[in-house]
There are 2 protein chains.
Amino acid sequence: MASIKDIAAKANVSTATVSYVLNGTRNVSPKTRERVLKVIEEMQYKPNTIAQSLKTKKTDTIGVIAEDVTVFNTPEIIDGIHDCAERHDLHILLVNLRLHKRIGRSFHAVDRFRDVVLSAVDELVGKQVDGMIYVGVHSRDLSGLVPPKDKPIVYTYCYADNAVSVNYDDERAAYEATQYLAGLGHRRIGVISGLIDSIPSRLRFNGFYQAVMDCGLPFDPGLIKTGDWETASGERLTRELMALPEPPTAILAMNDVMAVGVLRAAQEIGVRVPQDLSVMGFDNREFSDYLTPRLTTMEIPLHELGVQSMMALNRIIRDNGAIEEQAKPLCKLIVRDSTGPAPG
Amino acid sequence: MASIKDIAAKANVSTATVSYVLNGTRNVSPKTRERVLKVIEEMQYKPNTIAQSLKTKKTDTIGVIAEDVTVFNTPEIIDGIHDCAERHDLHILLVNLRLHKRIGRSFHAVDRFRDVVLSAVDELVGKQVDGMIYVGVHSRDLSGLVPPKDKPIVYTYCYADNAVSVNYDDERAAYEATQYLAGLGHRRIGVISGLIDSIPSRLRFNGFYQAVMDCGLPFDPGLIKTGDWETASGERLTRELMALPEPPTAILAMNDVMAVGVLRAAQEIGVRVPQDLSVMGFDNREFSDYLTPRLTTMEIPLHELGVQSMMALNRIIRDNGAIEEQAKPLCKLIVRDSTGPAPG
DNA sequence: TCTTTGCATCTAAACGTTTAACAACCTGTA
DNA sequence: TACAGGTTGTTAAACGTTTAGATGCAAAGA
């Protein structure tokens with residue numbers, strides 16, 4: 001590979017001059033510039049970014065630590081990061097923790113987990129990234145993790161105390177979903193929540209509860225069921241809800257995957273959606289448009305999460321820590337065919 | 001940030017010695033080793049990978065050029081790449097071309113496309129990656145692209161003449177799907193193919209045709225319909241097929257998204273699946289398990305594609321080009337509820 | 001006692017850039 | 001003519017590592 005020395009030699013100038021024409025950091029006469037440019041072209045010279053970085057101490061690279069790239073939220077967030085990074089001429093070094101495959105779903109293997117994350121951080125710090133973005137898959141609480149001393153790190157799709165984190169407004173999303181159902185005349189709304197120890201589960205329940213109060217609906221604890229985010233739990237709990245003496249006229253499943261179960265159960269027990277029962281999901285997964293009936297759901301602003309994370313990181317790197325609190329990106333109600341006016 | 005010099009000074013040794021204990025490249029007496037290690041620990045020293053790379057001319061980093069990380073095949077392939085890269089202590093520099101957002105679906109903006117790819121390659125070459133993997137989204141033919149002179153590059157989920165590319169066996173997958181349907185007694189099998197100018201469309205048709213011949217089924221060109229990979233086309237073409245004087249008893253849609261349309265059409269015109277009509281998809285997208293009925297489909301070995309690409313690249317880098325042809329990864333038949341014995 | 005051998009450690013160059021400091025030259029002005 | 005000021009170019013150090021070769025020293029062999 002041709003180096004700047006080769007160019008300098010062939011163009012009969014010093015390496016400094018070549019560097020100046022390359023970066024435009026100083027005037028160089030038109031005729032030498034031309035000469036240098038011609039040689040560069042001829043030899044197909046590309047500056048060695050590694051050497052540049054060593055000298056300038058800037059890599060223009062940010063590290064992205066993804067808990068699992070195969071989980072639905074991650075690609076969209078990374079896309080958002082890229083979208084923004086591109087405009088600042090930043091590159092992405094990706095570390096994929098492969099959490100599911102590595103330590104399974106037992107998120108309680110905390111010590112193992114810590115090691116994995118910390119070694120990823122070390123790796124990126126060694127590579128001299130300018131900063132890092134951590135992309136979670138389940139809004140886990142990462143407060144226990146020691147943040148790296150010198151390198152800025154932004155967390156998204158997860159929570160971490162005493163650290164910059166970017167998240168959508170879960171509470172408000174659930175509030176709006178509930179409000180929408182109430183607006184259709186539903187007064188008894190069943191809820192199938194996710195695992196109760198997850199932060200989004202709590203936030204979404206809060207939003208639901210607040211909306212129930214604000215809309216003047218009766219609050220019936222019997223209508224609140226705790227699932228595990230999987231289809232089977234949605235199916236099972238829907239049967240329970242519909243077997244109630246006074247069953248709900250709408251069910252809000254806290255993710256689309258469980259909503260699939262709701263739909264299945266409804267079909268099996270002969271409840272028509274949306275005539276007898278309105279069903280809502282959460283996430284706006286691609287498949288929600290493929291279900292019958294098409295699923296009404298809340299869209300999570302994943303792309304925006306990526307963009308905002310990148311912007312936040314950039315502010316920290318550039319302005320060195322002027323972290324102004326940003327408004328949380330909002331979810332968006334996607335109305336399809338699984339919801340309708342309350343019966344009767 | 002502490003450098004090797006700081007460590008050397010504090011431990012009263014030369015930088016060489018520190019380097020030797022770090023890399024184990026030369027014997028160093030137990031007591032100095034201990035001393036050095038202690039200082040390293042104290043100062044939380046992490047070697048500067050950039051400087052190492054400059055000296056050793058190895059970055060242990062491979063570049064991944066993804067046409068679009070948000071398309072379903074890409075995350076799984078990247079996961080496979082990571083899976084394999086990890087075992088060789090290689091890191092991933094990710095470039096996301098964001099093809100859909102950038103140049104839309106007009107894949108005919110070829111010149112623009114060339115520029116985008118080539119500048120991504122330049123970027124990675126500048127960053128001194130040891131090699132590159134190009135991850136397509138649609139098995140496009142990339143032969144027109146000039147490969148970089150010195151850096152090895154492996155293509156996957158796309159085709160490129162005169163270059164190493166890793167792909168699953170499309171023809172055989174369609175063959176097996178057809179064979180499976182024939183085995184259920186279906187003799188008139190409808191096909192809804194994707195856009196005809198795509199390589200997989202052609203390969204899959206070949207596989208289908210071969211199986212029809214081998215199984216002794218009649219070949220009726222009227223049963224072959226050309227879609228555009230989208231749901232609406234699946235729906236429309238199914239209506240056409242079922243309106244035939246002698247309609248098929250099974251439909252093979254060449255992707256799951258179109259299969260959704262097939263199921264919709266069937267439901268609307270009152271054809272029962274699988275009693276009256278067997279339906280098969282292709283891809284085994286996550287949602288295929290959420291449809292009613294659950295969709296029988298062919299799973300593409302995406303993870304394996306990633307692994308094999310990484311292995312191929314590694315062989316080129318290490319053994320410097322000893323490219324032994326590898327067997328193509330095979331698709332896997334996933335039998336669910338949308339297929340059954342031919343009626344009558 | 002003087003070599004020889006082997007081990008532990010050090011010296012210094014090199015990797016490919018950037019950039020401060022300097023040198024040479026030209027131009028215009030007093 | 002002399003000199004200030006501007007322009008264009010060069011020199012060489014520095015970034016943080018690795019590593020070939022040199023050096024010093026102790027133990028072993030003559």
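The analysis underlying the following values was restricted to heavy atoms, covering all of them including side chains, and did not include hydrogens, waters or symmetry mates. Here is how names work: the chains are called A, B, and so on, in the same order as the sequence lines, proteins then strands, and each is numbered from 1.
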Visitor: Could you work out which one of C:dA12, D:dT10, C:dC10 sits closest to the side chain of B:T17?
Guide: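 Nearest to the side-chain atoms of B:T17, counting from C-beta on, is C:dC10.
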Visitor: Could you tell me the separation between the NZ atom of B:K5 and the P atom of D:dC15, rounded to a whole number of Å?
Guide: 5 Å
Visitor: Quick check against the 3.5 Å criterion: does B:S19 have a side-chain atom that pairs as donor or acceptor with the backbone of B:T15?
Guide: no
Visitor: Atom CE of A:M43 to atom P of C:dG16: distance rounded to whole Å?
Guide: 13 Å
Visitor: Could you tell me which residues satisfy side-chain hydrogen bond (donor to acceptor under 3.5 Å, both in side chains) with A:Y134, sequence neighbours excluded, listed by chain and number?
Guide: A:E67
Visitor: Indicate whether OP1 or OP2 belonging to D:dT8 is found under 4.0 Å from a side-chain N or O atom of A:N27.
Guide: yes
Visitor: Send over the distance from A:M1 CE to C:dG16 P, rounded to a whole Å.
Guide: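 The distance from CE of A:M1 to P of C:dG16 comes to 10 Å, rounded to the nearest Å.
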Visitor: Using a 4.0 Å heavy-atom cut-off across all strands, classify A:S29 as base, sugar-phosphate, or nothing.
Guide: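 Sugar-phosphate contact only.
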Visitor: Is the base of C:dT17 touched by the side chain of A:K55 through a donor-acceptor pair closer than 3.5 angstrom?
Guide: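 When only heavy-atom distances are counted, A:K55 does not reach the base of C:dT17 through any donor-acceptor pair under 3.5 Å.
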Visitor: If I take atom CD1 in residue A:I4 and atom P in nucleotide C:dA14, what distance separates them, rounded to the nearest angstrom?
Guide: 18 Å
Visitor: Please check the phosphate of D:dT18 (OP1 and OP2 only) for any side-chain N or O of B:S19 closer than 4.0 Å.
Guide: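 Yes, because at least one side-chain N or O of B:S19 sits under 4.0 Å from OP1 or OP2 of D:dT18.
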Visitor: Would you say B:S165's side chain and B:Y159's backbone share a donor-acceptor pair under 3.5 angstrom?
Guide: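 Not a single qualifying donor-acceptor pair exists.
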Visitor: Taking the minimum atom-to-atom distance to the side chain of B:T25, which one of D:dG16, D:dT19, C:dT18 wins?
Guide: D:dT19
Visitor: Separation of B:Y20 atom OH from C:dC7 atom P, in whole Å?
Guide: 15 Å
Visitor: Among B:T61, B:T59, B:N314, find the residue that satisfies the side chain to side chain donor-acceptor pair (under 3.5 Å) test when tested with B:D130.
Guide: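 The residue from B:T61, B:T59, B:N314 that satisfies side chain to side chain donor-acceptor pair (under 3.5 Å) with B:D130 turns out to be B:T59.
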Visitor: Would you say A:Q52 reaches C:dG16's phosphate, i.e. side-chain N/O to OP1/OP2 under 4.0 Å?
Guide: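 Checking C:dG16 against A:Q52, no side-chain N or O comes under 4.0 Å of OP1 or OP2.
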Visitor: Which whole-number value in Å describes the distance from B:N48 CG to C:dC15 P?
Guide: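 In whole Å, C:dC15 P lies 18 Å from B:N48 CG.
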Visitor: With a cut-off of less than 4.0 Å, is there a side-chain N or O of A:N23 near OP1 or OP2 of C:dT18?
Guide: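 Yes.
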Visitor: Pick the nucleotide of DNA chain C nearest each of B:A16 and A:L22; which residue has the one closer to the 5' end?
Guide: B:A16
Visitor: May I ask you to verify if any side-chain N or O of B:K57 is less than 4.0 angstrom from the OP1 or OP2 atom of C:dA14?
Guide: no
Visitor: For D:dC15 and A:T56 - does any side-chain N or O of the residue sit under 4.0 Å from the phosphate oxygens OP1/OP2?
Guide: no
Visitor: When only distance counts, do a donor and an acceptor, one from the side chain of B:R26 and one from the base of C:dT9, lie under 3.5 Å apart?
Guide: yes
Visitor: If you look at every strand shown and take non-hydrogen atoms under 4.0 Å, does A:T32 touch a base, only sugar-phosphate, or nothing?
Guide: sugar-phosphate
Visitor: Classify the nucleic acid contact of B:N12 as base, sugar-phosphate or nothing, counting any heavy atom under 4.0 Å across all strands shown.
Guide: sugar-phosphate
Visitor: Would you say B:Y45 places a side-chain N or O within less than 4.0 Å of OP1 or OP2 belonging to D:dT17?
Guide: yes
Visitor: Could you state the atom-to-atom distance from CZ of A:R33 to P of D:dT8 in whole Å?
Guide: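 Atom-to-atom, A:R33 to D:dT8, this comes out as 10 Å.
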Visitor: Of A:V135, A:V137, A:I65, which is the lone residue that meets side chain to side chain contact (heavy atoms under 4.5 Å, CB included) with A:L97?
Guide: A:I65
Visitor: Between the side chains of A:D79 and B:N96, is a donor N or O closer than 3.5 angstrom to an acceptor N or O?
Guide: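 There is such a pair between these side chains.
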Visitor: Which whole-number value in Å describes the distance from B:R35 CZ to C:dC10 C1'?
Guide: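 Between C1' of C:dC10 and CZ of B:R35: 13 Å.
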